[in-house]
2 protein chains.
Amino acid sequence: MEEKKVEILTHGAAECPITATIDVIGGKWKPPIIWLLLRGPMRFGTLSKTMPDIALKVLSRQLKELEADGIITRKAYPEVPPRVEYALTEKGESLRPALTMLSEWSETHILGK
Amino acid sequence: MEEKKVEILTHGAAECPITATIDVIGGKWKPPIIWLLLRGPMRFGTLSKTMPDIALKVLSRQLKELEADGIITRKAYPEVPPRVEYALTEKGESLRPALTMLSEWSETHILGK
DNA sequence: CGGCATCCACCGGGATACTG
DNA sequence: CAGTATCCCGGTGGATGCCG
């Protein structure tokens, strides 16, 4: 009864809800990937050509991680030559408003000044 | 003139507006730091006690980076013992809506589900 | 109290070569 | 076309110790 306990006792990074979201979208290439897929499904090769700076292995892994987090789906067509299309899930689509705000903030406060 | 040029020619990570914002708030401890400061200014020691898992040096550096990015201000009071208070700038405060959306997304799609 | 200097460990990202 | 398999590198985060 000596000291009044404050509301926030401890606050680790793990419990931070913002961190939890950034853990999902925070990969170096995940924002541009999701940003592109918000316009519609894309093939692996198209993603690669659209983002020439990303190594194939890295693109592959980022896509796999996004799939594991339920953000995108991977659909392979058993054709020759192979075709694989990536598309957002509902969960991924639900990121749109948040990502839009992040985008607008940078336009206002970083790029556009 | 043979091929029709698509709208999106290339899309590096550097040009992605979302990535630009995440570069600012994406440090491991930056979200919880900003999240706390959205409630009001705090002293260095209070931040440290509130987030026990962060090493002092790391906390110090993250604060310095946020200051360099214009997100927070550092005010030192020439007293004994020393006192230093950190507070959000307007630019930092302007992150509130975006961070709120990130927070809500995780509550809905990760934690609470 | 509120740092900074030093050193270290880890892991995400990258280049290259090969495959179903 | 759409990857996987290795190997490597740098940056960020972390532990410890000293200082105004």
Side-chain angles (χ1 to χ4, degrees), chain A residues 10-16 18-19 22-34 36-37 41-69 71-87, chain B residues 10-16 18-19 22-34 36-37 41-69 71-87:
Chain A
T10 61
H11 196 274
E15 304 101 58
C16 181
I18 304 171
T19 300
I22 291 187
D23 281 344
V24 173
I25 65 170
K28 178 167 180 182
W29 297 95
K30 287 178 186 177
I33 290 172
I34 302 173
L36 288 172
L37 291 181
M42 288 180 78
R43 302 179 57 166
F44 184 86
T46 311
L47 284 167
S48 176
K49 285 179 188 60
T50 307
M51 302 178 288
D53 290 345
I54 182 172
L56 293 183
K57 172 211 165 181
V58 175
L59 174 57
S60 174
R61 202 179 51 202
Q62 302 263 310
L63 288 169
K64 204 170 292 183
E65 289 172 10
L66 287 172
E67 190 188 2
D69 284 330
I71 305 299
I72 64 175
T73 56
R74 188 194 113 105
K75 175 152 191 169
Y77 296 85
E79 307 171 351
V80 179
R83 182 163 60 102
V84 178
E85 278 207 343
Y86 292 91
Chain B
T10 61
H11 196 274
E15 303 101 56
C16 181
I18 304 170
T19 300
I22 292 186
D23 281 344
V24 173
I25 65 170
K28 178 167 180 182
W29 297 95
K30 288 177 186 175
I33 289 172
I34 302 173
L36 288 173
L37 291 180
M42 287 180 80
R43 301 180 57 170
F44 183 87
T46 311
L47 284 167
S48 176
K49 285 178 188 61
T50 309
M51 301 178 289
D53 290 345
I54 181 172
L56 293 182
K57 172 211 167 181
V58 176
L59 175 58
S60 173
R61 202 178 53 201
Q62 303 263 311
L63 289 169
K64 201 172 295 181
E65 289 172 11
L66 287 171
E67 191 188 0
D69 284 330
I71 305 300
I72 64 175
T73 56
R74 188 194 113 106
K75 175 151 191 171
Y77 295 86
E79 306 170 352
V80 179
R83 181 163 60 101
V84 178
E85 278 207 345
Y86 292 91

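Below, chain A is the first sequence line, B the second, and so on; all start at residue 1. Source: prediction; values computed, not measured.
How far CG of A/Leu66 is from CH2 of A/Trp29: 14.0 Å, rounded to the nearest 0.5 Å. In this structure, the separation between CG on B/Leu63 and CD1 on B/Ile72 is 4.5 Å, given to the nearest 0.5 Å. Put simply, OG1 on A/Thr73 and CD1 on A/Ile71 are 11.5 Å apart, with the number rounded to the nearest 0.5 Å. Atom-to-atom distance recorded for B/Leu47:CG and B/Ile33:CD1 is 6.5 Å, nearest 0.5 angstrom. Within the model, atoms CZ of B/Arg43 and NZ of B/Lys49 stand 8.5 Å from one another, a figure rounded to the nearest 0.5 Å. Note: A/Leu59 CG to A/Asp53 CG = 12.0 Å, rounded to the nearest 0.5 Å.
Put simply, chain B comes within 4.0 Å of DNA chain C, heavy atom to any atom, from C/dC1 to C/dC7, going 5' to 3'. On the nucleic acid side, DNA chain D has its first and last nucleotide under 4.0 Å of a heavy atom of chain A at D/dC1 to D/dC7, going 5' to 3'.
Residues in residues 55-65 of chain A take part in these side chain to side chain donor-acceptor pair (under 3.5 Å) pairs, two or more places apart or across chains: A/Lys30-A/Glu65.
Residues satisfying the side-chain contact (heavy atoms from CB on, under 4.5 Å) criterion with A/Ala55, sequence neighbours excluded, are A/Val58. Evaluation of the salt bridge (charged side-chain N to carboxylate O under 4.0 Å, His left out) rule for B/Glu85 yields B/Arg83 as partners, not counting sequence neighbours. Every side-chain contact (heavy atoms from CB on, under 4.5 Å) that B/Leu56 has, sequence neighbours left out, goes to B/Phe44, B/Ser48. Taking the side-chain contact (heavy atoms from CB on, under 4.5 Å) definition, one finds that B/Ala76 meets it with B/Arg74, B/Val84, sequence neighbours left out.
Contacts between residues 71-81 of chain A and DNA chain D, defined by a heavy-atom separation below 4.0 Å, involve A/Arg74, A/Pro81, listed by number. Of the residues in residues 57-64 of chain B, those lying under 4.0 Å from DNA chain D by heavy-atom distance are B/Lys57, B/Val58, B/Arg61, B/Gln62.
For the helix from C/dC1-D/dG20 to C/dG20-D/dC1, the axis fitted to the five pairs at one end and the axis fitted to the five pairs at the other end meet at an angle of 50° (nearest 10 degrees).
Mapped onto DNA chain C by nearest heavy atom, B/Tyr86 and A/Pro82 fall at different nucleotides, with B/Tyr86 at the one closer to the 5' end. Nearest-nucleotide positions on DNA chain C place A/Gly26 closer to the 5' end than the other of A/Gly26 and A/Leu56.
Here the closest non-hydrogen pair linking B/Thr50 and B/Pro52 is O-CD, 3.3 Å.
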